[in-house]
J.: 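Below: one structure in structure tokens.
Below, chains carry the letters A, B, ... as their sequence lines are ordered, and counting in each starts from 1. Small disclaimer: the values here were computed from a predicted structure and weren't measured.
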Number of protein chains: 2
Amino acid sequence: MSDRPAKDKLFDAFASVAKVLGSGRRAEIVDVLAQGERPVDEIAEEIGQSIANTSQHLQQLLRAGLVRTRREGTRIHYRLSGTAVTRLWAAVREVASEHVAELDELAEAYLGDRAALDSLTRTELTNRMAAGDVVVLDVRPEREFRSGHIPGAVSVPVGELAGRMKDLPHGRIIVAYCRGQYCVFADEAVRTLREQGMPAVRLEEGYPEWAEAGLPVEAGAPRKSGAPG
Amino acid sequence: MSDRPAKDKLFDAFASVAKVLGSGRRAEIVDVLAQGERPVDEIAEEIGQSIANTSQHLQQLLRAGLVRTRREGTRIHYRLSGTAVTRLWAAVREVASEHVAELDELAEAYLGDRAALDSLTRTELTNRMAAGDVVVLDVRPEREFRSGHIPGAVSVPVGELAGRMKDLPHGRIIVAYCRGQYCVFADEAVRTLREQGMPAVRLEEGYPEWAEAGLPVEAGAPRKSGAPG
DNA sequence: GTGGTATTCAAGTGAATACTTGAATACGAC
DNA sequence: GTCGTATTCAAGTATTCACTTGAATACCAC
């Protein structure tokens, strides 16, 4: 028949990829890195874990091949090792949203009630962008905007939105987007804008899905005055 | 800031999906079920584990939502709960093949050297099928053929191939396919055919990928004489 | 060289995991 | 009802895992 030990080893190798995503904290890390590379301390902050623990999770992702590193002086920047990883992470979320019973509750507990929040799909947004009747708003932290964003989008991190509302053009619908379907930033932005009477909706998914779909992207751009290159 | 406990729970839920694929034996189960539904004892046989252990793995897949069951008398048939699971499994293999260093060795240890074996992609096969210059050969176990196959394919399980070689039409190239890229059946079939001087190549991927790509499929068909419905 | 910071390593603890064995349950045949 | 088979459950063991704490390493600035 077939070579059982060799087959087991081969499938253990496949499984090692899934296994490393099988921890909520590592999943959060992958979700963050899907927005662009990050040094260890920022990742730790983002997932709410100690630096030592975060470092160990990163080592595991590294050993499994899902991430790569780049040294810059004393800091080590981690990034996803390729777009296949982005697709894998998307596939995990898709299966969870279709087949995990409690997911809706958990999502609502984290994101709040979305019933009142309209959203646009990617195609709807591209159509309206072509028609020129929308303002696209990137509400992620600025470094994520800098590492890649939807062309023409304005960067206003959600924390600064309340103070910069006047800068936004009037008379057009504002479409806010962030890290993905399960990211709170765009929801928060839409609620803030609506409270001020501005017409706002969110993009259903986030930047990684936009880029993965092969739609045009832009990088670099707005640099805070005084920030070094 | 953000609601840390709720976020952790949400990402733990995503991770639970990946976690359940993070065992080589469960990965093998998913790979088998990608060919169609199966009762517990056959799955156990297929993955080389005890029935009790296999049952427990199946319970885990069930709790995670990746599979569903159907009772038929005393037997319980398991199947994948949807095509999203097929895509997830494909994404896992893709990441592994791109980013897991040892995968090539492990695959070669299980499959043998493929250097001498030509293969066709799905598109190449559809073109040649349209041109009518190939015979398509399904070398999986017959029950898998019955639960779905490439239209016009001939079913000859690899174990019976040596004895049924004369039945195959001559003068056209034979394209053998099986469960997927990491399945030995088609390789074995191509080697057997070549040894007898018949022109044979394998389809690069397998039936699940063909079906997932939206290409036409056919089900039912050849029933052994005497076998019940 | 010294001092400071970013990251990794090592050791320890409590919980979860994979597999085994043997018993319990659920259905079909009679 | 009894018997036989398919599947699941329960208990036990050796291993692996996530996180903590505190120390070690690697680079930069001086």
Side-chain angles (χ1 to χ4, degrees), chain A residues 4-5 7-9 11-30 32-33 37-64 67-79 143 228, chain B residues 4-5 7-9 11-30 32-33 37-64 66-79 228:
Chain A
R4 176 52 54 191
K7 184 171 188 187
D8 283 0
K9 278 184 196 156
F11 278 77
D12 283 347
F14 289 136
S16 70
V17 166
K19 190 173 199 170
V20 82
L21 266 180
S23 136
R25 260 21 75 221
R26 284 193 295 270
E28 286 190 57
I29 292 177
V30 169
V32 170
L33 295 184
E37 64 165 32
R38 287 297 197 90
V40 179
D41 61 328
E42 289 186 18
I43 299 170
E45 159 89 51
E46 195 83 55
I47 70 171
Q49 296 289 316
S50 73
I51 292 196
N53 189 23
T54 303
S55 172
Q56 303 198 50
H57 280 307
L58 288 167
Q59 298 298 314
Q60 287 192 55
L61 287 164
L62 194 60
R63 275 193 298 270
V67 305
R68 293 197 198 298
T69 59
R70 175 176 72 84
R71 177 150 225 151
E72 195 178 292
T74 159
R75 313 190 90 166
I76 295 186
H77 297 254
Y78 281 80
R79 66 178 186 284
R143 86 166 283 159
Chain B
R4 176 54 52 192
K7 184 170 188 186
D8 283 1
K9 278 185 197 156
F11 278 77
D12 283 347
F14 289 137
S16 70
V17 166
K19 189 174 200 172
V20 83
L21 265 181
S23 138
R25 257 26 71 220
R26 285 194 294 271
E28 285 191 58
I29 292 176
V30 169
V32 171
L33 295 184
E37 64 165 31
R38 288 298 197 89
V40 179
D41 62 328
E42 289 186 19
I43 298 170
E45 159 89 51
E46 195 83 56
I47 71 171
Q49 296 289 316
S50 73
I51 293 197
N53 189 24
T54 303
S55 172
Q56 304 198 48
H57 280 306
L58 286 167
Q59 298 299 313
Q60 287 192 55
L61 288 164
L62 194 59
R63 275 192 297 271
L66 300 219
V67 304
R68 294 196 199 297
T69 60
R70 175 175 73 84
R71 177 150 225 151
E72 196 178 292
T74 159
R75 313 190 88 165
I76 295 186
H77 297 256
Y78 281 82
R79 66 178 186 283

J.: Quick one: label A/Asp41 by what it contacts on the DNA or RNA (base, sugar-phosphate, nothing), any heavy atom closer than 4.0 Å.
T.: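 Counting heavy atoms under 4.0 Å across all strands, the contact made by A/Asp41 is with sugar-phosphate only.
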J.: Apply salt bridge (Lys or Arg N to Asp or Glu O under 4.0 Å) to A/Glu37 and A/Arg75, showing your working.
T.: CA-CA 12 Å; A/Glu37 64 165 32; A/Arg75 313 190 90 166; over 6 Å; no
J.: Nearest whole Å is fine: how far is C/dA6 P from A/Gln59 CD?
T.: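 Nearest whole value for this atom pair: 17 Å.
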J.: With heavy atoms under 4.0 Å as the rule, sort B/Leu58 into base, sugar-phosphate or nothing.
T.: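 No contact.
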J.: Strictly below 4.0 Å: does A/Lys19 bring a side-chain N or O up to OP1 or OP2 of D/dC17?
T.: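 Indeed, a polar side-chain atom of A/Lys19 lies that close.
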J.: Quick one: does any side-chain atom of B/Arg38 pair with a main-chain N or O of B/Val40 as donor and acceptor, under 3.5 Å?
T.: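 No, B/Arg38 side chain to B/Val40 backbone: no donor-acceptor pair under 3.5 Å.
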J.: For B/Thr74 and D/dT5, is the shortest distance between a side-chain N/O and OP1 or OP2 below 4.0 Å?
T.: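 Indeed not, no polar side-chain atom of B/Thr74 lies that close.
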J.: Check the distance between D/dA18's P and B/Asp12's CG and give it to me in whole angstrom.
T.: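 Between P of D/dA18 and CG of B/Asp12: 11 Å.
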J.: B/Arg26 CZ to C/dC19 C1': how many Å, rounded?
T.: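 Roughly 12 Å, once rounded to whole Å.
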J.: When you match A/Ala52 and A/Ser23 each to their closest nucleotide on DNA chain D, which lands nearer the 5' end?
T.: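 Mapping each residue to its closest nucleotide by heavy atoms, the 5'-most match is A/Ser23.
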J.: Taking atom CD of B/Gln59 as the centre, report whether more than 12 heavy atoms of other residues, nucleotides or ligands fall under 6.0 Å from it.
T.: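 Above 12, so yes.
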J.: Atom CD1 of A/Ile29 and atom P of C/dT7: how far apart are they, to the nearest Å?
T.: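 To the nearest whole Å, that distance equals 13 Å.
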J.: How long is the line joining CD1 of B/Ile51 and P of C/dG22, in whole Å?
T.: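 B/Ile51 atom CD1 is separated from C/dG22 atom P by 16 Å.
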J.: Could you give the CZ-to-C1' distance, from B/Arg63 to D/dT8, as a whole number of Å?
T.: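 Interatomic distance, CZ of B/Arg63 to C1' of D/dT8: 11 Å.
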J.: Out of C/dC27, D/dT20, C/dT20, which nucleotide sits closest to the side chain of A/Ser50?
T.: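 Of the candidates, D/dT20 comes closest.
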J.: Considering just the side-chain nitrogens and oxygens of A/Arg75, establish if one lies under 4.0 Å of OP1 or OP2 belonging to D/dA26.
T.: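 No, outside the criterion.
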J.: Between A/Ser55 and C/dT8, is there a contact of a side-chain N or O with OP1 or OP2 at under 4.0 Å?
T.: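 For A/Ser55, the contact criterion (side-chain N or O under 4.0 Å from OP1 or OP2 of C/dT8) is met.
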J.: Check whether any side-chain N or O of A/Tyr78 sits under 4.0 Å from OP1 or OP2 of C/dA6, and answer yes or no.
T.: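 Negative; the distance criterion is not met.
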J.: Tell me what B/Gln60 touches on the nucleic acid: a base, only sugar-phosphate, or nothing, going by heavy atoms under 4.0 Å.
T.: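 B/Gln60: backbone/sugar contact only, no base atoms under 4.0 Å.
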J.: What is the distance, rounded to the nearest whole Å, between atom CD of A/Glu72 and atom C1' of D/dC28?
T.: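 From A/Glu72 CD to D/dC28 C1': 13 Å.
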J.: Rounded to whole angstrom units, what separation is found between the NE2 atom of B/His57 and the P atom of C/dA18?
T.: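 It works out to 6 Å between those atoms.
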J.: In the structure I gave you, are the side-chain heavy atoms of A/Leu33 and A/Ile43 within less than 4.5 Å of one another anywhere?
T.: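 A side-chain contact exists here, since the closest heavy-atom pair is under 4.5 Å.
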J.: Of all the nucleotides listed (C/dT7, C/dT8, D/dT7), which has the minimum atom distance to the side chain of B/Val40?
T.: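 Selected nucleotide: D/dT7.
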J.: Taking it one step at a time, do B/Glu28 and A/Arg4 satisfy salt bridge (Lys or Arg N to Asp or Glu O under 4.0 Å)?
T.: CA-CA 11 Å; B/Glu28 285 191 58; A/Arg4 176 52 54 191; 2.9 Å; yes
J.: For the side chain of A/Gln56 and the base of C/dT7, is some donor closer than 3.5 Å to an acceptor across the two?
T.: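 Not at all, since no donor on one side and acceptor on the other fall under 3.5 Å apart.
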